[in-house]
Asker: 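Structure incoming, see below.
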Amino acid sequence: MPLVFKNSFTRAKEEFKPIDDGKVRMYTCGPTVYGFAHIGNFRTFIFEDLLRRYLKYKGYEITHVMNLTDIDDKTIRDSQAEGISLKEFTTRYTKAFFEDLDTLGIERAEHYPAATDHVDEMVAMIKKLVERGMAYEVDGNYYFKIAAFPNYGKLANLDMAGLKAGARVASDEYEKDSVSDFALWKAWDEADGDVYFETEIGKGRPGWHIECSAMSMKYLGQHFDIHTGGVDNMFPHHENEIAQSEGANDKKFVNYWMHSEYLLVDGRKMSKSMGNFFTLRDIIEKGYSGVVMRYMLMATHYRQQLNFTFDGLEADRKALDRYNDFISNLSDYAGGESSGEASEITKKLLTGFETHLDDDLNISGALGDVFDFIRDINRLKAENKLSVEERDEALAAMRKIDTVLAFEQKQEMIDADIEALIVERTEARKSKDFARADEIRDELLVQGIVLEDTAQGVKWKRKV
RNA sequence: GGCGGCUUAGCCAAGUGGUAAGGCAGAGGUCUGCAAAACCUCCAUUCUCCGGUUCAAAUCCGGAAGCCGCCUCCA
C-alpha cells in the first residue's frame with residue numbers, strides 16, 4: 001500500500017515520494033512564545049506528531065524542524081508590559097511549551113530554531129530578494145513585491161487581482177507599492193524600545209514570514225518534502241513563505257503541504273471573550289491527564305474540524321481506559337490452549353492499521369481496527385483460547401502501534417501509604433467489612449487510584 | 001462579493017459505486033460482596049432534504065436548506 005497524503009497545494013491526494021530515498025525533511029510552524037499555548041494550537045502539534053511518528057513507523061529517517069517565534073508585536077508588547085527583557089519573557093514561555101509537549105507525549109523535533117538566533121540568515125535572504133527585484137525598501141522597512149511573483153495566491157487559491165483593499169489593511173502601511181505587499185523587515189521605532197538588531201539593512205527586526213523561510217532553508221535546504229501547519233496559516237503566512245523562498249531561490253520550495261483543521265469549542269472558534277478559551281494547563285487542572293487530551297486531539301481526522309466538549313473528553317477517557325485495560329489485562333493473562341485464530345487476528349490489526357494510516361492518516365479507521373482487535377482477543381482470552389505465544393504476539397503488535405499512538409500508560413510504583421491502604425482494604429474484605437472496604441476504595445479514587453478486584457486478587461491503575 | 005469545507009444512531013466518528021467500522025451512552029449477561037472495576041452480547045433496512053445517472057448511490061451529477069472557516073493578528 002502506498003502512503004498517500006492530501007496535498008493542500010494541489011488539493012489532491014498524492015502518493016508520498018521523498019526527495020531522498022528513506023528520508024523525510026519536514027517543517028512545522030511552531031508557537032509564538034508569548035503565553036501558554038491553547039488546545040487549538042496543540043491540535044496542530046498532535047497532528048504533526050502523528051505524521052512524524054507514522055513516518056518513523058514506516059521506516060523513514062526524519063529531520064523535523066519547528067521554529068519558535070520569539071519576536072513579534074505581541075512578545076514585545078507583553079514583555080514591555082511586564083517590564084522584563086524580551087529574552088526573559090520568551091524563555092519562560094518556551095520552557096512552558098516544552099513542558100506541554102511532554103504532557104501530551106509529543107515527540108521532540110530534531111531542531112527548534114528561535115527567530116532571534118537567525119536574524120543573519122533572514123537579513124541575507126532579504127538582501128537577496130532586493131537584488132533580484134523581489135523586494136524593496138521604504139524608510140528602513142523592507143517589503144516583498146507581490147507583483148514580481150506571478151504565482152502568488154496559488155496555495156490559498158486566491159485571485160489577487162480580485163482582492164479588495166479591505167478595511168483591515170493597517171493605515172500606517174500607506175508607503176507600500178501595493179496593499180498586498182507584506183513586510184520582510186520592520187525598521188525600529190520607539191514602541192520597540194530596546195528590541196532591535198543592528199544589521200546591514202539597518203536597525204530593526206524581521207517580519208514574521210521571513211523567519212520560516214530563512215530557518216527552513218538553513219536546516220532543510222531550499223527544497224524539502226513536507227510543510228505543515230494549521231489551515232489559518234495557509235494565507236497569508238504559507239503563501240508568503242512560498243513567495244519568499246521561491247523568489248529567492250528559483251526552486252520549488254515544498255513538495256507536500258499539509259494543513260490541519262480548526263479545533264472549535266462548543267461549536268465556535270475559541271476566544272477569550274466567549275469564555276470558551278482553554279490552554280492545555282486549564283484542562284489538566286480540571287483533572288484530565290495529558291494522554292486523554294492527546295487521544296481527543298488525535299482521534300478525529302486532521303482535516304476535519306474537531307469540536308471540543310467536556311462530554312467528549314469524558315467519552316475519550318473511557319475509550320482510552322479500554323485501550324490500557326486491554327494491555328494491562330493481557331499482560332497478566334497466564335495463557336491457555338491455542339485455538340489457532342489469534343495470529344490471523346493480530347495480522348489483521350497491523351494490516352488494517354497501516355492501510356488506514358497510509359490513506360492520509362485515517363486515524364479513525366485505524367482506531368476502529370484497534371478496538372476490533374481488542375474485542376477479538378478479549379473474546380479468545382475469555383474462552384481461554386489464547387496461548388502464551390499468541391498473547392506475546394498480540395502484545396508486541398500493540399506495542400508496535402503504540403509507537404505511533406503513544407496511548408499506553410506505564411504504571412509507575414505507588415506510594416507506601418497507598419499500598420498500605422490497599423492491604424487494609426483486602427483485610428476488610430476478608431472479614432466482610434464491606435463498608436470499610438468501599439470507604440478505602442473511594443478514598444483512593446480521590447487520589448487517582450482505581451481498584452479492580454479480580455479472581456487473581458486486587459489490581460490498581462491510575463485514573464487518566 | 002470571492003474562495004473552501006462540513007451535514008452518517010442520543011453524543012462523537014470512519015466509510016468516494018456493491019448493500020452502514022469503531023468509541024461513548026443505553027439494554028442484557030459473566031465474574032463478584034445483591035458492589036466497584038474488568039470482560040462478553042445486543043443496539044442505524046439507513047446516511048440533512050428534493051430530483052437525476054446506474055443492475056446497484058451515504059458514496060457520482062443537479063438543486064435546496066443548515067452549519068463552519070479563509071480573503072493580509074491567528075494552530
Side-chain angles (χ1 to χ4, degrees), chain A residues 8 11 13 28-32 37-48 72-74 146 153 156-160 162-166 168-170 173 179-183 208-209 228-237 239-240 259-264 267-271 295-296 299-301 303-307 309 311-323 325-326 328-329 352 356 359 362-375 378-379 381-383 428-429 432-435 437-438 441-442 445 450-455 458-461:
Chain A
S8 308
R11 282 163 273 278
K13 278 191 185 179
T28 290
C29 291
T32 300
H38 58 68
I39 56 177
N41 298 123
F42 286 114
R43 190 204 182 176
T44 299
F45 299 138
I46 286 282
F47 145 64
E48 289 149 352
D72 81 325
D73 292 345
K74 289 173 292 191
I146 283 174
N157 198 24
L158 290 176
D159 176 10
M160 297 315 288
L163 273 190
K164 290 180 290 189
R168 295 177 69 182
V169 175
E173 292 178 354
V179 288
S180 302
D181 289 352
F182 58 91
W208 176 41
H209 311 298
T228 62
V231 275
D232 51 333
N233 273 164
M234 208 159 149
F235 192 87
H237 185 55
E239 196 71 63
N240 292 354
H259 291 95
S260 63
E261 256 298 343
Y262 258 110
L263 173 133
L264 304 176
R268 300 197 164 272
K269 188 168 169 174
M270 273 194 287
S271 73
Y295 186 98
M296 164 166 259
T300 295
H301 190 265
R303 285 190 289 104
Q304 288 294 326
Q305 288 183 350
L306 166 62
N307 186 28
T309 63
D311 284 347
L313 203 54
E314 278 299 336
D316 290 333
R317 165 137 72 190
K318 299 279 183 54
L320 191 62
D321 273 337
R322 184 161 166 77
Y323 183 97
D325 288 337
F326 173 71
S328 166
N329 293 340
H356 278 118
D359 181 17
N362 181 352
I363 187 70
S364 306
L367 288 176
D369 294 322
V370 173
F371 287 107
D372 278 343
F373 172 75
I374 287 174
R375 188 198 54 234
N378 272 337
R379 191 186 289 138
K381 188 159 74 72
E383 292 165 5
R429 288 185 72 223
K432 307 273 184 211
D433 183 1
F434 297 119
D438 290 351
R441 194 184 58 218
D442 293 344
L445 185 61
V450 180
L451 295 184
E452 181 184 348
D453 297 318
T454 73
V458 64
K459 280 186 69 173
W460 64 272
K461 68 183 174 190

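Values reported hereafter were calculated over all heavy atoms of this structure, with side chains retained and with hydrogens, waters and symmetry mates removed. Each chain gets a letter, A, B and so on, in the order the sequences are listed, and its residues count up from 1. Computed from a predicted model, the values in this text were never measured in an experiment.
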Asker: Which is true for D372(A) with a 4.0 Å heavy-atom rule: it touches a base, it touches only sugar-phosphate, or it touches nothing?
Answerer: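 Counting heavy atoms under 4.0 Å across all strands, the contact made by D372(A) is with sugar-phosphate only.
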Asker: Kindly write out the residues that satisfy salt bridge (charged side-chain N to carboxylate O under 4.0 Å, His left out) with D453(A), not counting sequence neighbours, or none if the list is empty.
Answerer: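 Only R425(A), R429(A) meet the salt bridge (charged side-chain N to carboxylate O under 4.0 Å, His left out) criterion with D453(A).
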Asker: Closer than 4.0 Å, any side-chain N/O of N362(A) to the OP1 or OP2 of G15(B)?
Answerer: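 Yes, because at least one side-chain N or O of N362(A) sits under 4.0 Å from OP1 or OP2 of G15(B).
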Asker: Give me the atom names and distance for the closest heavy-atom approach of A319(A) to Y295(A).
Answerer: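 For A319(A) and Y295(A), the tightest heavy-atom pair comes out as CB-OH, 3.7 Å.
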Asker: Taking all non-hydrogen atoms of both residues, which atom of M234(A) and which atom of A156(A) are closest, and how far apart?
Answerer: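 Nearest pair, atom of M234(A) first, then A156(A): CE-CA, 4.3 Å.
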Asker: Mind listing the closest non-hydrogen atom pair of H259(A) and S8(A) along with its distance?
Answerer: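 Closest heavy-atom pair between H259(A) and S8(A): ND1-OG, 2.7 Å.
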Asker: Verify the contact: side-chain N or O of R322(A) to OP1 or OP2 of C40(B), cut-off strictly under 4.0 Å; return yes or no.
Answerer: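 Indeed, a polar side-chain atom of R322(A) lies that close.
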Asker: Categorize T300(A) for me: base, sugar-phosphate, or nothing, with a 4.0 angstrom heavy-atom threshold over every strand shown.
Answerer: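 If one applies the 4.0 Å heavy-atom cut-off, T300(A) turns out to touch the sugar-phosphate alone, with no base involved.
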Asker: Please evaluate the base of A14(B) for a donor-acceptor partner in the side chain of S364(A) within a cut-off of under 3.5 Å?
Answerer: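 In this structure, the two groups form no donor-acceptor pair.
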Asker: Between H301(A) (NE2) and G5(B) (C1'), how many Å, whole number?
Answerer: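 Spelled out: NE2 on H301(A) to C1' on G5(B) is 13 Å.
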Asker: Taking the P atom of each, how far is A75(B) from G17(B), in whole Å?
Answerer: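 Straight-line distance between the two P atoms is 37 Å.
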Asker: Using a heavy-atom cut-off of 4.0 Å across all strands, would you classify L263(A) as base, sugar-phosphate, or nothing?
Answerer: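 The answer is base, as L263(A) lies within the cut-off (heavy atoms under 4.0 Å) of a base atom.
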Asker: Over all strands shown, is Q304(A) touching base, sugar-phosphate only, or nothing at heavy-atom distances under 4.0 angstrom?
Answerer: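 Result for Q304(A) = sugar-phosphate.
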Asker: So what does G230(A) touch, heavy atoms closer than 4.0 Å: a base, only the sugar-phosphate, or nothing?
Answerer: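 Contact class for G230(A): sugar-phosphate only.
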Asker: By salt bridge (charged side-chain N to carboxylate O under 4.0 Å, His left out), which residues pair with R441(A), not counting sequence neighbours?
Answerer: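 Applying salt bridge (charged side-chain N to carboxylate O under 4.0 Å, His left out) to R441(A) gives D438(A).
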Asker: Check P236(A) against H209(A) and note the closest heavy-atom contact, atom names and distance.
Answerer: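 Closest approach of P236(A) to H209(A), heavy atoms only: CG-CE1, 4.2 Å.
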Asker: Without decimals, in angstroms, what is the distance between D311(A) CG and A25(B) C1'?
Answerer: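 The distance from CG of D311(A) to C1' of A25(B) comes to 10 Å, rounded to the nearest Å.
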Asker: Taking the same atom, C1', in C40(B) and in A58(B), what whole-Å distance lies between them?
Answerer: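 Each nucleotide's C1' atom is 31 Å from the other's.
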Asker: Taking only side-chain N and O atoms of R268(A), does any of them lie within less than 4.0 angstrom of OP1 or OP2 on G69(B)?
Answerer: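 Checking R268(A) against G69(B): no side-chain N or O falls below 4.0 Å of OP1 or OP2.
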Asker: Using the P atom in both, what is the distance from G23(B) to G18(B), to the nearest Å?
Answerer: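 Taking atom P in both G23(B) and G18(B), they lie 24 Å apart.
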Asker: Heavy atoms only, 4.0 Å cut-off, all strands: where does G40(A) land among base, sugar-phosphate and nothing?
Answerer: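 The residue G40(A) makes base contact.
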Asker: Donor-acceptor pair, distance only, cut-off 3.5 Å: does the side chain of N41(A) make one with the backbone of H38(A)?
Answerer: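 The answer is yes, because a donor-acceptor pair under 3.5 Å joins these two groups.
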Asker: For nucleotides A27(B) and G63(B), find the distance between their C1' atoms and express it as a whole number of Å.
Answerer: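 Going atom to atom, C1' in each nucleotide, I get 42 Å.
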Asker: Indicate for each nucleotide in nucleotides 31-37 of chain B, in 5' to 3' sequence, whether protein heavy atoms under 4.0 Å reach the base (B), only the sugar-phosphate (S), or nothing (-).
Answerer: --B-BBB
Asker: Tell me if a side-chain donor or acceptor on S364(A) pairs with a main-chain N or O of A299(A) at a distance below 3.5 Å.
Answerer: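 Checking the backbone N and O of A299(A) against the side chain of S364(A), a donor-acceptor pair under 3.5 Å is found.
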Asker: Assign each of C29(A) and N157(A) to its nearest nucleotide of RNA chain B by heavy atoms, then name whichever residue's nucleotide is nearer the 5' end.
Answerer: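 With C29(A) and N157(A) compared, the 5'-side residue is N157(A).
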Asker: List the residues meeting ring-ring contact (aromatic ring centres under 6.0 Å, His included) with F326(A), not counting sequence neighbours, and say none if there are none.
Answerer: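 With sequence neighbours excluded, F326(A) shows a ring-ring contact (aromatic ring centres under 6.0 Å, His included) to F373(A), given in chain and number order.
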Asker: Hey, which sits more toward the 5' end of RNA chain B by its nearest nucleotide, D359(A) or H38(A)?
Answerer: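 Checking each residue's closest nucleotide, the 5'-ward one belongs to D359(A).
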Asker: Between U72(B) atom P and N233(A) atom CG, what is the distance in whole Å?
Answerer: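 Interatomic distance, CG of N233(A) to P of U72(B): 14 Å.
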Asker: Check whether any side-chain N or O of K318(A) sits under 4.0 Å from OP1 or OP2 of G26(B), and answer yes or no.
Answerer: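 For K318(A), the contact criterion (side-chain N or O under 4.0 Å from OP1 or OP2 of G26(B)) is not met.
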Asker: Measuring only the C1' atom in each nucleotide, how far is U54(B) from C60(B)? A whole number of Å is fine.
Answerer: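 Taking atom C1' in both U54(B) and C60(B), they lie 9 Å apart.
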Asker: With rounding to the closest Å, how many angstrom separate the P atoms on G4(B) and A9(B)?
Answerer: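 Roughly 28 Å separates the two P atoms.
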Asker: With pairs taken as Watson-Crick or G-U wobble and both distances under 3.5 angstrom, which stems of at least three consecutive pairs involve RNA chain B?
Answerer: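 Looking at RNA chain B, the stems formed by three or more consecutive pairs are B:1-7 with B:65-71, B:10-12 with B:22-24, B:26-30 with B:38-42, B:48-52 with B:60-64.
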Asker: Quantified in whole Å, what is the P atom distance between nucleotide C70(B) and nucleotide A38(B)?
Answerer: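 The same atom, P, in both gives a distance of 41 Å.
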Asker: From CZ of F371(A) over to P of G23(B), roughly how many Å is that when rounded to an integer?
Answerer: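 Those two atoms, CZ and P, are 7 Å apart.
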Asker: Check every strand shown and say whether K74(A) touches a base, only sugar-phosphate, or nothing at a heavy-atom separation below 4.0 Å.
Answerer: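 Here K74(A) touches the backbone only, sparing every base.
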Asker: When the P atoms of A14(B) and U7(B) are compared, how many Å lie between them, rounded to an integer?
Answerer: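 Taking atom P in both U7(B) and A14(B), they lie 8 Å apart.
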Asker: Rounded to the Å, how far apart are E314(A) CD and C12(B) C1'?
Answerer: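 Going from E314(A) (CD) to C12(B) (C1'), I get 14 Å.
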Asker: Can you measure F235(A) atom CZ to U72(B) atom C1' for me and round it to whole angstrom units?
Answerer: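 Value for this atom pair: 6 Å.
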Asker: Apply salt bridge (charged side-chain N to carboxylate O under 4.0 Å, His left out) to K459(A) and list each qualifying residue two or more places apart in sequence or on a separate chain.
Answerer: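 K459(A) satisfies salt bridge (charged side-chain N to carboxylate O under 4.0 Å, His left out) with D332(A) only.
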Asker: Can you identify which nucleotide, out of U41(B), C40(B), C70(B), has its nearest atom closest to the K269(A) side chain?
Answerer: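 The closest nucleotide is C70(B).
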Asker: Under 4.0 Å, counting only non-hydrogen atoms across every strand here, what does R317(A) touch: a base, just sugar-phosphate, or nothing?
Answerer: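 Touches nothing.
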